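Atoms within each ligand, like the ligands themselves, are counted from 1 in listed order. Computed from a predicted structure; not experimentally measured.
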Amino acid sequence: MNKPLPRETRLEAASADDAPWVISPPRPADMAALAALTFPSYRPLLPCCLTGEVPNGLMVLALVARAGDTPVGLVMAQWQQHIDVAGDGSPSHIAAQLISVCVAPAWRRSGIAVRLMRAMEDEVCKRGGMYLTTSYTTRMPAWRAFEQLLATCHWATPTPSLLMSQGRVADVLASPTLAQAHEAPPGFELFDWSQRRADEVARLQLDVENGAIPGTLSPFADVEEIEPNISVGLRHQGEVVAWMIVTRSPLMQNALCYRSLYVRPQLRAAYALGPLVLAHALHRHNASPVKAERPVGVFGMSVEMSTKMINFFRKRLSPYCFSTYESRTSVKRLNN
Ligand SMILES: CC(C)(COP(=O)(O)OP(=O)(O)OC[C@H]1O[C@@H](n2cnc3c(N)ncnc32)[C@H](O)[C@@H]1OP(=O)(O)O)[C@@H](O)C(=O)NCCC(=O)NCCS
């Protein structure tokens with residue numbers, strides 16, 4: 001699984017005899033042209049496609065569609081670690097994530113993306129991968145074309161995983177529900193995330209490991225980016241029962257990411273604890289020196305949250321934001 005692609009092997013000729021392009025692995029001379037065929041955040045991974053090396057140990061695969069010597073399309077995938085793509089509780093499936101597919105504008109609508117996707121599926125399959133997954137947002141201009149591409153390639157119908165909004169924190173605090181940071185109800189105690197106790201961390205880690213807290217809402221994800229004095233926790237009867245974890249977005253230099261909002265299921269709906277921890281984090285963000293550099297909040301609400309919380313997000317938060325979109329995922333089982 002860790003061998004890079006052979007450098008000059010032609011993987012696939014175009015299907016039509018007169019098709020003026022072929023698909024092959026990237027070459028060192030392609031690097032500048034390939035940068036224009038992927039998102040800025042994935043450009044640093046391009047040199048790794050030549051060597052098979054990556055800093056986090058997850059290998060990146062890339063395939064290039066080229067017309068003569070000119071790259072006109074690029075697909076990239078990265079191996080994933082321990083992911084339950086089948087949804088059966090087994091984390092042992094070997095899967096790769098499709099992270100980018102792009103065709104140069106002049107070459108679109110001629111079947112290149114379909115051929116790139118199929119070539120990548122074959123490559124992942126050949127290396128023992130059982131699934132390809134992908135995750136994207138409807139903020140991406142080409143999301144409709146991308147979903148059509150997934151359908152043509154027989155991927156599962158995409159499912160929304162997050163509702164996303166972006167807003168300036170000062171504007172979001174104009175929402176009447178969030179304008180005031182209310183006190184915690186009797187018996188509950190709000191605390192700065194920096195004040196979490198070691199025994200609480202141990203209990204939460206256990207709950208993440210045994211699945212009681214979904215991994216996507218874990219307060220330990222992206223831990224090195226957490227803002228511990230803006231993130232908020234809530235205790236009840238000696239237990240951490242809710243949190244709003246806020247991180248420095250690595251993708252948006254002007255934003256803090258409201259990364260994980262979670263309320264223990266048994267306490268949902270009764271006390272509006274979600275809005276409470278969110279409002280407290282927003283007020284801390286608004287009063288923090290960090291706001292000068294990062295005035296924007298990126299908000300994500302898992303579609304698994306309660307209907308009440310989803311309605312809150314749509315009615316009380318999104319209208320005060322300048323952009324709202326969905327994060328969606330899809331998966332394809334490969335034939336091996
Ligand atoms: C998405 C993208 C890769 C498609 O590339 P492409 O080479 O034009 O796609 P193909 O010609 O192989 O077409 C694949 C399917 O998508 C459809 N399609 C392509 N562009 C489309 C568009 N703009 N609107 C609707 N459908 C579109 C094609 O009709 C075809 O469907 P069909 O099999 O039912 O006829 C290309 O638009 C692109 O590079 N966009 C910018 C980068 C991007 O956002 N990538 C996606 C996320 S990483």
Next on the checklist: Under 4.0 Å, counting heavy atoms only: does R144 come that close to any atom of ligand 1?
Outcome noted: no
Checklist entry - Quick one: are R264 and I213 in side-chain contact, heavy atoms under 4.5 Å? => result yes
Checklist outcome for this item: d(L278 CG, R316 CZ) to nearest 0.5 Å is 13.0 Å
Next on the checklist: I'd like the name of whichever of R109, Q148, M117, R115 reaches closest to atom 22 (C) of ligand 1 through any heavy atom.
Outcome noted: R109
Next on the checklist: Quiz question: by atom type and distance under 3.5 Å, do the side chains of S24 and R66 form a donor-acceptor pair?
Outcome noted: yes
Checklist outcome for this item: If you compare A65, A113, P141, G73 by their heavy atoms, the one closest to atom 4 (C) of ligand 1 turns out to be A113
Checklist entry - What residue and atom, counting heavy atoms only, is the protein's closest point to atom 44 (O) of ligand 1, and at what distance? => result A142 CB, 3.3 Å
Item to check | Atoms in ligand 1 flagged as close to G111, the criterion being non-hydrogen separation under 4.0 Å | outcome: 10 (P), 11 (O), 12 (O)
Checklist entry - Should the ring pair F39 and Y42 be called parallel, tilted or perpendicular, given that the plane angle runs from 0 to 90° and is split at 30 and 60? => result perpendicular
Item to check | From the candidates T134, L149, V103, the one that places a heavy atom nearest atom 39 (O) of ligand 1 | outcome: V103
Item to check | Nitrogen or oxygen atoms of C102 and ligand 1 under 3.5 Å apart | outcome: no
Next on the checklist: In the complex you have, is atom 8 (O) of ligand 1 within reach of the protein, judged by whether a heavy-atom distance drops under 4.0 Å?
Outcome noted: yes
Checklist entry - Is the Lys NZ or Arg CZ of R168 less than 6.0 Å from the centre of Y320's six-membered ring, within 45° of the axis? => result no
Item to check | Geometric N/O contact F39 with ligand 1, under 3.5 angstrom | outcome: no
Next on the checklist: Taking 4.0 angstrom as the limit and counting only heavy atoms of I112, give me the atoms of ligand 1 inside it, by number and element.
Outcome noted: 7 (O), 12 (O)
Checklist entry - Parallel, tilted or perpendicular for W243 and W193, by the 30°/60° rule? => result tilted
Item to check | Nearest non-hydrogen protein atom, atom 43 (C) of ligand 1 | outcome: V101 O, 3.7 Å
Item to check | Residues, nucleotides or ligands: over 12 heavy atoms within 6.0 Å of R314 CZ | outcome: no
Checklist outcome for this item: Nearest heavy-atom approach of L261 to L217 is O-CD2, 4.1 Å
Checklist outcome for this item: Of all protein heavy atoms, the one nearest atom 41 (C) of ligand 1 is R108 NH2, 3.5 Å
Checklist outcome for this item: S110 heavy atoms within 4.0 Å reach ligand 1 at atoms 11 (O)
Checklist outcome for this item: Looking only at protein heavy atoms, what sits closest to atom 14 (C) of ligand 1 is V114 CG2, 3.5 Å
Checklist entry - Looking at atom 46 (C) of ligand 1, is any protein heavy atom nearer than 4.0 Å to it? => result yes
Checklist entry - Among protein heavy atoms, which sits nearest to atom 33 (O) of ligand 1, and what does the distance come to when rounded to 0.1 Å? => result T152 OG1, 2.8 Å
Item to check | Residue that, paired with E121, satisfies salt bridge (charged side-chain N to carboxylate O under 4.0 Å, His left out) out of K332, R115, R127 | outcome: K332
Checklist entry - Is the shortest distance from a Lys or Arg side-chain nitrogen in E200 or R235 to a carboxylate oxygen in the other one below 4.0 Å? => result yes
